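Read through the structure below, which is laid out as structure tokens, and then see the notes.
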Amino acid sequence: MTSASARGYRRLPPADAPPLLWPDYGSTVLRAPAQPLQYLPHMLTELTGPLLGEGRVGPLDHDLTRQHAGEPQGQRIIVRGRVLDQDGHPVPHTLVEVWQANAGGRYRHVTDNWPSPLDPNFTGTGRALTDDQGRYEFVTIKPGAYPWRNHDNAWRPAHIHFSLFGRAFTQRLVTQMYFPDDPLFFQDPIFNSVPDPAARQRMICRYDHDATQDHWALGFSFDIVLRGREQTPFEDEDDDA
Ligand SMILES: [Fe+2]
């Protein structure tokens, strides 16, 4: 492993990143570091830890609609895109993981108990490896908006959480993908914690008619750029909403 690959996954410069302390997003007040951060460069130990090999991703892991005996409720969608570096080059063979709420906006999680039904045919997690061209694809259902207690009448815009592992475990990057024209963007402190309005737009997928399959699923495209001017905003790994 070379130092060049490590530089390829360095974090956002602070000016472009969501702040760790964002009072509108209440949880950050409790967990944001009180002391200045220290930069710890990746050394050999961090870069040679365990990796997730291709053999560990099953052929249906990318299809969240086929993990149970029946089909989940909701609008079936295909989400596809590429993982790119700052020069637009594809990042092949990298692990992309997603997790999301069901069509009613509820997670299958012990702490999510708001009165929207669980779907017995939907777990809400999936993973895929990018191919030689850096492409990934998921089949899932469109998640619903859900309430949270961050502020009065707070509802999160529909979103899918993305996690990407680079070439080492310590290079994990996390972001959220939103859907076009969501009416809830105006009041969402997580979406609006990204300082640059143009960068916020890079967290929104686009409707992709070429990916849409007749009488089957709507298609959306979402490219993830790891660095550079077109970088996809990444968030604190501890974000829990
Ligand atoms: Fe969420």
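Each residue takes its place number in the sequence, starting with 1. None of the values given here were measured: they were computed from a predicted structure. In listed order, ligands and their atoms are each counted from 1.
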Just by distance, do the side chain of T65 and the backbone of T140 share a donor-acceptor pair under 3.5 Å?
-> no

Partners passing salt bridge (Lys or Arg N to Asp or Glu O under 4.0 Å) against R135 (at least two apart in sequence or in another chain) | D131

Give the name of the N/O/S atom in H161 that lies closest to the Fe ion (ligand 1).
-> NE2

Do you see an N/O/S atom of Q176, backbone or side chain, under 2.8 Å from the Fe ion (ligand 1)?
-> no

Side-chain touch R127/L95, heavy atoms, less than 4.5 angstrom = yes

From Y107, does some N, O or S atom reach closer than 2.8 Å to the Fe ion (ligand 1)?
-> yes

So which N/O/S atom does H159 have closest to the Fe ion (ligand 1)?
-> NE2

Listed partners of P59 passing side chain to side chain contact (heavy atoms under 4.5 Å, CB included), at least two apart | none

